[in-house]
Amino acid sequence: MLNVVLFGAPGSGKGTQSAKLIDEYGLYHISTGEVLRDHIKRGTELGKIADSYISKGNLIPDDLMIQILDDVFDKEANGKPGVVFDGFPRTIPQAEALEKLLAKRGTDLAAVIGLEVPEDELMNRMIQRGKETGRADDTPETIKNRLDVYHKQTHPLRAYYQEKGKYLPINGSGVVDEIFNDIAAGLEEKTGVKCRIH
Ligand code: AMP
């Protein structure tokens with residue numbers, strides 16, 4: 001399997017670049033944010049719990065999030081050529097759990113693609129997305145908290161994966177296709193896997 005994490009602050013373009021990775025490498029997409037939003041839409045018990053965290057811009061507790069990921073992986077991703085993890089892990093315990101989850105299934109993480117975008121650009125992109133899509137947590141106050149949470153709880157993963165030699169830094173500002181070309185070139189160098197199209 002070719003398993004990659006798309007890593008970056010909220011608004012860094014993880015969703016957009018995931019879609020391209022899926023198209024061009026034939027990978028399976030797991031976006032924990034989308035899984036949770038789907039539960040909220042369907043009004044499940046889990047959705048009600050998730051909403052109380054998401055609406056404030058806080059993270060779902062690790063134990064619960066890890067359990068959800070485990071279930072989704074077994075239901076949807078087993079037997080696929082690989083997975084793009086989008087929005088997971090967001091904490092060190094989640095990263096450790098991911099490593100165990102993959103090892104238990106005889107596979108591992110090939111690379112962590114880090115989309116790096118300046119803070120003011122992140123803010124503008126999310127405000128714009130909120131206007132265009134009506135996404136409930138793209139409001140100025142919640143965005144501010146999501147960025148704070150990112151810096152405190154998620155950003156330490158950058159050093160964690162750098163130390164493991166897995167981190168692939170990518171300049172996430174600019175034209176979507178050019179950013180994707182940088183990702184494809186970086187992945188090929190790191191893993192030897194060629195993009196289907198490029
Ligand atoms: P996203 O769509 O990835 O920006 O996620 C939207 C929201 O879902 C986040 O602000 C969190 O509240 C929640 N969420 C998504 N993924 C995770 C995760 N790995 N750990 C904890 N909370 C998460």
Side-chain angles (χ1 to χ4, degrees), residues 3-22 27-77 83-102 109 112-117 119 121-158 160-161 172:
N3 300 305
V4 298
V5 167
L6 253 187
F7 179 80
S12 59
K14 298 192 293 292
T16 306
Q17 294 299 334
S18 290
K20 294 188 75 67
L21 278 166
I22 292 145
L27 302 178
Y28 186 77
H29 185 211
I30 297 183
S31 157
T32 43
E34 274 174 23
V35 170
L36 297 169
R37 282 190 290 276
D38 181 56
H39 274 277
I40 294 174
K41 213 164 77 190
R42 289 188 285 121
T44 66
E45 274 312 303
L46 174 57
K48 283 176 200 147
I49 298 169
D51 195 29
S52 66
Y53 292 94
I54 293 185
S55 59
K56 297 188 185 75
N58 293 326
L59 297 185
I60 273 71
D62 282 338
D63 287 355
L64 180 58
M65 199 65 244
I66 290 165
Q67 186 57 51
I68 295 169
L69 184 86
D70 223 69
D71 290 348
V72 173
F73 191 94
D74 280 338
K75 269 197 209 122
E76 320 264 1
V83 176
V84 179
F85 294 94
D86 162 5
F88 188 99
R90 268 176 152 98
T91 63
I92 302 275
Q94 289 184 14
E96 290 167 350
L98 180 60
E99 216 168 303
K100 283 198 199 123
L101 177 150
L102 293 174
L109 202 56
V112 174
I113 300 161
L115 293 173
E116 308 199 336
V117 176
E119 190 95 3
E121 199 177 323
L122 293 172
M123 193 77 174
N124 291 338
R125 283 187 190 183
M126 280 187 281
I127 288 174
Q128 192 57 32
R129 183 172 67 187
K131 281 186 197 148
E132 285 168 8
T133 67
R135 188 170 142 168
D137 58 349
D138 280 341
T139 58
E141 202 182 313
T142 311
I143 291 170
K144 198 183 162 305
N145 190 44
R146 284 161 65 203
L147 289 172
D148 283 349
V149 166
Y150 170 78
H151 287 299
K152 286 196 194 106
Q153 293 178 262
T154 306
H155 190 257
L157 284 174
R158 185 181 189 274
Y160 175 90
Y161 282 122

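For ligands, and for the atoms within them, numbers begin at 1 and follow the listed sequence. Numbering of residues begins at 1 and proceeds along the displayed sequence.
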Return yes or no for this condition: an N or O of [X] is under 3.5 Å from an N or O of ligand 1.
X      : result
Ile60  : yes
Gly87  : yes
Lys14  : no
Ser31  : no
Asp86  : no
Asp137 : no

>> Under a 4.0 angstrom heavy-atom cut-off, which atoms of ligand 1 come close to Asn58?
In response: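 Result: 11 (C), 12 (O).
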> Short list, please: which atoms of ligand 1 are under 4.0 Å from a heavy atom of Thr32?
Replying inline: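 Checking each atom against Thr32, I get 15 (C), 16 (N), 17 (C), 19 (N).
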> Of the choices Leu36, Ile54, Ile66, which has the non-hydrogen atom that lies closest to atom 7 (C) of ligand 1?
Replying inline: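 Shortest heavy-atom distance from atom 7 (C) of ligand 1: Ile54.
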> For atom 15 (C) of ligand 1, which candidate among Arg90, Arg37, Arg146 provides the closest heavy atom?
Replying inline: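 Minimum heavy-atom distance to atom 15 (C) of ligand 1 goes to Arg90.
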Between [X] and [Y], does at least one N-O distance fall below 4.0 Å, as a salt bridge requires?
X      : Y      : answer
Arg125 : Glu121 : yes
Glu45  : Lys48  : yes
Arg146 : Asp138 : yes

>> With side-chain contact (heavy atoms from CB on, under 4.5 Å) as the test, pick out the partner of Met126 among Leu147, Thr139, Asp137.
In response: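 With Met126 as partner, Leu147, Thr139, Asp137 yield a single side-chain contact (heavy atoms from CB on, under 4.5 Å), made by Leu147.
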For [X] versus [Y], what's the shortest heavy-atom pair and its separation?
X      : Y     : answer
Thr44  : His39 : OG1-ND1, 2.8 Å
Asn145 : Lys56 : ND2-O, 2.8 Å
Ile49  : Ser52 : O-OG, 2.6 Å

>> Looking at ligand 1, would Glu34 count as a contact under a 4.0 Å heavy-atom criterion?
In response: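 No; Glu34 lies far enough from ligand 1 that no heavy-atom distance drops under 4.0 Å.
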> Would you say Met126 touches ligand 1, if touching means a heavy atom closer than 4.0 Å?
Replying inline: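 The answer is no: ligand 1 sits nowhere under 4.0 Å from a heavy atom of Met126.
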> Which residue owns the protein heavy atom closest to atom 4 (O) of ligand 1, what's the atom, and how far is it?
Replying inline: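 Minimum-distance protein heavy atom for atom 4 (O) of ligand 1 reads Arg135 NH2, 3.0 Å.
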>> Considering non-hydrogen atoms of the protein only, which is the closest contact for atom 20 (N) of ligand 1, and what is the distance?
In response: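 Residue, atom and distance for the closest contact: Gln94 NE2, 2.9 Å.
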>> Can you classify the ring geometry of Phe7 versus Tyr150 as parallel (below 30°), tilted (30 to 60°) or perpendicular (above 60°)?
In response: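 Geometry flag for Tyr150 against Phe7: tilted rings.
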> How about Asn3 and Leu98: do any of their side-chain heavy atoms sit closer than 4.5 Å?
Replying inline: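 Contact flag for Asn3/Leu98 side chains = no.
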